[in-house]
Amino acid sequence: MRVIIVKDTKQLGKVSAGLIAAEMKKKPAFVLGLATGTSPIPLYQELIRLNKSKALDFSTTITFNLDEYVGLAPTHDQSYRYFMNQQLFDYVNINKKNTHVPDGMAKDVEASCEKYEDMMDDVGGVDCQVLGIGSNGHIGFNEPGTSLASRTHMTGLTESTINDNARFFNRRQDVPTKAITMGIGTILDADRVVLVANGPRKADCVARAIEGPITATVPASALQLHPRVTFVVTADAATKLTLNWERA
Ligand code: F6R
């Protein structure tokens, strides 16, 4: 387990994008797992910069997003498909046909979750998964109590996550209460994982995920079982870590 403490979000972007770019260069048709939310935005900005300067090519990259709200169409400005277009896909030379986000409008949700797993299998699995972390320790929308072996599934969001996400919607009652998410087992199957976290609001969950016991009540703690996980954490989110971790 590698933990890199960085100064600020700019350095978080540089360090995490550097790790991912190095992996992407090793393999054509690289399969990149992606997250939404505010944490990976500096990472995506740096990936865009690398792509624009021709230092990183996305033409053969395949992506799978972690999650999507149930009931939001891809054109809804709070859907995760829309977010990915706005924050990354529209600005790099990726073929959008190679980008995948769970279908929040699926009629048969169970079948569409199974299909999502099959699509990842068909391309040989995720090479590198990007993650953020919720203030309650969730990864993807795997809320506390989710099985550590879970696969892609539909889930209800906790009050804490609905409150966290309410800032993006006009009214709290507009925040969807259900989502489709890769499971924790799905995430652990990725060859490599890079989790980014910033801000004092994340200090507790970061410490519990990295230095606490492995427990389903802190879904991110399952990452301690992953052989190639790197946490890139800003100093203000690392204040509750006690071990002598690497500083960038
Ligand atoms: C988003 C996702 C979530 C977020 C988490 C942190 O695709 O899977 O687990 O990573 O809620 O969100 P931010 O970065 O907005 O604090």
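First listed ligand is number 1; within each ligand, the first listed atom is number 1.
- At a heavy-atom cutoff of 4.0 Å, ligand 1 is contacted by the backbone of Ile133 but not by its side chain.
- For atom 5 (C) of ligand 1, the nearest non-hydrogen atom from the set His138, Lys202, Met84, Glu68 comes from His138.
- The parts of Thr36 lying near ligand 1 are both backbone and side chain, judged by heavy-atom distances below 4.0 Å.
- Every atom of ligand 1 is numbered from 1 in the order shown, and the set under 4.0 Å from a heavy atom of Leu66 is 8 (O).
- The local environment of CG in Asn244 is sparse, with at most 12 non-hydrogen atoms from other residues, nucleotides or ligands closer than 6.0 Å.
- Contacts between Thr38 and ligand 1 below 4.0 angstrom, taking non-hydrogen atoms only, involve backbone and side chain alike.
- Ranking protein heavy atoms by distance to atom 10 (O) of ligand 1, first place goes to Gly132 CA, 3.3 Å.
- Taking a cutoff of 4.0 Å between a charged side-chain nitrogen and a carboxylate oxygen, Glu68 and Arg81 do not qualify as a salt bridge.
- Side-chain contact check for Pro176 versus Val70: every heavy-atom pair is 4.5 Å or farther apart.
- In the vicinity of Ala35, heavy-atom distances shorter than 4.0 Å reach the ligand 1 atoms 7 (O).
- For ligand 1, the atoms lying closer than 4.0 Å to a non-hydrogen atom of Ser39 are 13 (P), 14 (O), 16 (O).
- Counting atoms of ligand 1 from 1 in the listed order, those under 4.0 Å from a heavy atom of Arg167 are 15 (O).
- The environment of NZ in Lys96 is crowded: more than 12 heavy-atom neighbours from other residues, nucleotides or ligands sit within 6.0 Å.
- Residue-level proximity to ligand 1 for Glu143 is absent, since no heavy atom of it falls below 4.0 angstrom.
- Lys10 NZ: 12 or fewer foreign heavy atoms inside a 6.0 Å radius.
- Under 4.0 Å from ligand 1, the heavy atoms of Arg201 that appear belong solely to its side chain.
- Considering only non-hydrogen atoms, atom 2 (C) of ligand 1 lies nearest to Asp67 out of Leu34, Asp67, Ile41, Ile187.
- Looking at ligand 1, you'll find an N or O of Gly140 within less than 3.5 Å of one of its N or O atoms.
- Side-chain atoms of Asp127 and Arg192, non-hydrogen and from C-beta on, never get closer than 4.5 Å to each other.
- Counting the atoms of ligand 1 from 1 in the order shown, those under 4.0 Å from a heavy atom of Gly37 are 14 (O), 15 (O).
- Between Tyr91 and Tyr44, the ring centre distance reaches or exceeds 6.0 Å.
- The aromatic rings of Tyr69 and Phe169 sit perpendicular, their planes meeting at an angle over 60°, well past the 30° parallel limit.
- Judged by distance alone, the side chains of Thr155 and Glu143 never bring a donor and an acceptor atom under 3.5 Å apart.
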